[in-house]
Amino acid sequence: MAAKPGSAPTTYSPSLTQKTRPPIFKGNDLDWVRPDGRGFHQCRPAFFRTGAVNSASGSAYAEFGNTKVIVSVFGPRESKKAMMYSDIGRLNCNVSYTTFATPVRGQGSDHKEFSSMLHKALEGAIMLETFPKTTVDVFALVLESGGSDLPVVISCASLALADAGIMMYDLVAAVSVSCLGKNLVIDPILEEESYQDGSLMLTCMPSRYEVTQLIFTGEWSTPDINEAMQLCLDACGKLGKVMRSCLKEATSASQE
């Protein structure tokens with residue numbers, strides 16, 4: 001899916017607050033760079049577009065390098081569990097992959113773990129009390145898996161919720177970092193994720209500077225966790241500006 005005329009992916013990266021770490025490899029590989037040529041602390045260009053699915057209450061499409069995601073939001077609509085009164089709304093999330101999303105064809109399926117993480121990342125940002133006894137359904141589909149899939153899904157879903165007019169405290173931006181040897185690389189691609197020693201994903205509401213979810217795997221030292229979190233928070237703040245810019249452009253276009 002190509003960008004609209006005049007639109008272009010926006011580059012965002014955290015500010016470097018510390019000296020660049022030494023490269024992973026020794027000897028003849030002192031000039032080692034990431035497979036796509038980015039610096040260790042450089043994020044992929046991000047492209048967003050709202051209104052990607054006409055039949056949905058709200059929707060968004062996101063493209064970060066080779067990672068392509070589309071999210072549809074339906075509701076608020078009467079909850080199937082309406083007989084059980086609730087003074088707050090319900091949020092249902094589902095993440096799935098197309099059969100051609102991954103390098104090994106035919107592996108596309110529902111991803112329950114990602115669905116649960118998406119729910120947790122978004123729940124704290126939505127004003128659930130504004131739609132009691134009703135449900136909002138979020139369906140995320142990964143069209144192409146190019147690495148950092150879940151952070152892209154979460155950011156895209158947040159934008160789709162805003163497009164649907166769901167009341168939120170703030171947008172939710174998500175960024176991940178991989179630990180590769182002695183190096184921390186932000187917004188890893190699929191190849192980097194395949195041989196990472198550990199990963200950390202942070203989701204937050206940028207304008208409120210509130211973390212909604214923090215997940216890390218592997219063994220991390222305290223200094224590395226602190227550095228990775230700061231990188232993610234800084235990048236989330238800049239990604240949030242890109243997302244808000246997308247919403248403003250969509251609003252301006254609809255008023256013309």
### Pair Thr67-Arg44, side-chain donor/acceptor within less than 3.5 Å
yes
### Query
Quick one: does Cys93's side chain get under 4.5 Å of Lys120's, heavy atoms only?
no
#### Entry: Partners passing side chain to side chain donor-acceptor pair (under 3.5 Å) against Ser116 (at least two apart in sequence or in another chain)
none
### Message
Can a donor-acceptor pair be found, under 3.5 Å and without considering hydrogens, that links the side chain of Ser148 to the backbone of Pro188?
### Response
yes
### Message
Within the structure provided, determine whether Ile154 and Val172 are in side-chain contact (heavy-atom separation under 4.5 Å).
### Response
yes
Review item, side-chain donor-acceptor pairs of residues 122-132, under 3.5 Å, at least two apart:
unit_1	atom_1	unit_2	atom_2	d
Glu129	OE2	Tyr169	OH	3.4
Thr130	OG1	Met127	O	2.6

### Query
Do the non-hydrogen side-chain atoms of Arg38 and Val185 ever get within less than 4.5 Å of each other?
no
### Task
Locate the shortest heavy-atom distance separating Val153 from Val71; write the atom from each residue and the value.
O-CG2, 4.2 Å
### Message
Is any side-chain heavy atom of Pro35 closer than 4.5 Å to one of Glu192?
### Response
yes
### Atom of Ala173, atom of Leu239 and distance for their closest heavy-atom approach
CB-CD2, 4.1 Å
### Message
Rounded at 0.5 Å granularity, tell me how far CZ in Phe48 sits from SG in Cys156.
### Response
6.5 Å
### Message
On a heavy-atom basis, which atom in Glu63 and which in Gly65 lie closest, and how many Å separate them?
### Response
CG-O, 3.7 Å
### Main-chain N/O of Glu191 paired to Ser194 side chain as donor or acceptor, under 3.5 Å
yes
### Query
Taking atom CZ of Phe114 and atom CG of Asp149, what is their separation to the nearest 0.5 Å?
6.0 Å
#### Entry: For Ser57, all residues meeting side chain to side chain donor-acceptor pair (under 3.5 Å), sequence neighbours excluded
none
### Query
Can you tell me how far OG1 of Thr203 sits from CG of Leu118, rounded to the nearest 0.5 angstrom?
9.5 Å
### Query
Any side-chain heavy atom of Val175 sitting closer than 4.5 Å to one from Cys204?
no
### Query
Got a donor-acceptor contact below 3.5 angstrom from the Asp197 side chain to the Gly181 backbone?
yes
### Task
Mark yes or no for whether Asp163, through its side chain, and Ser59, through its backbone, hold a donor-acceptor pair below 3.5 Å.
yes
### Query
Has Phe216 got more than 12 heavy atoms of other residues, nucleotides or ligands less than 6.0 Å from its CZ?
no
### Message
Would the distance check show the side chain of Thr98 and the main-chain N or O of Leu143 forming a donor-acceptor pair, the cut-off being under 3.5 Å?
### Response
yes
### Query
Minimum heavy-atom separation for Arg34 to Gly39, with atom names?
NH1-O, 3.0 Å
### Task
Check Glu249, Lys241, Met243, Lys248 against Ser245 for a side chain to side chain contact (heavy atoms under 4.5 Å, CB included) and give me the one that passes.
Glu249
### Query
Nearest heavy-atom pair of Val95 and Ser115: which atoms, and what distance?
N-OG, 2.8 Å
### Message
Looking at Ala174, is its backbone amide N or carbonyl O close enough to the side chain of Ser155 to form a donor-acceptor pair, meaning the two atoms are under 3.5 Å apart?
### Response
yes
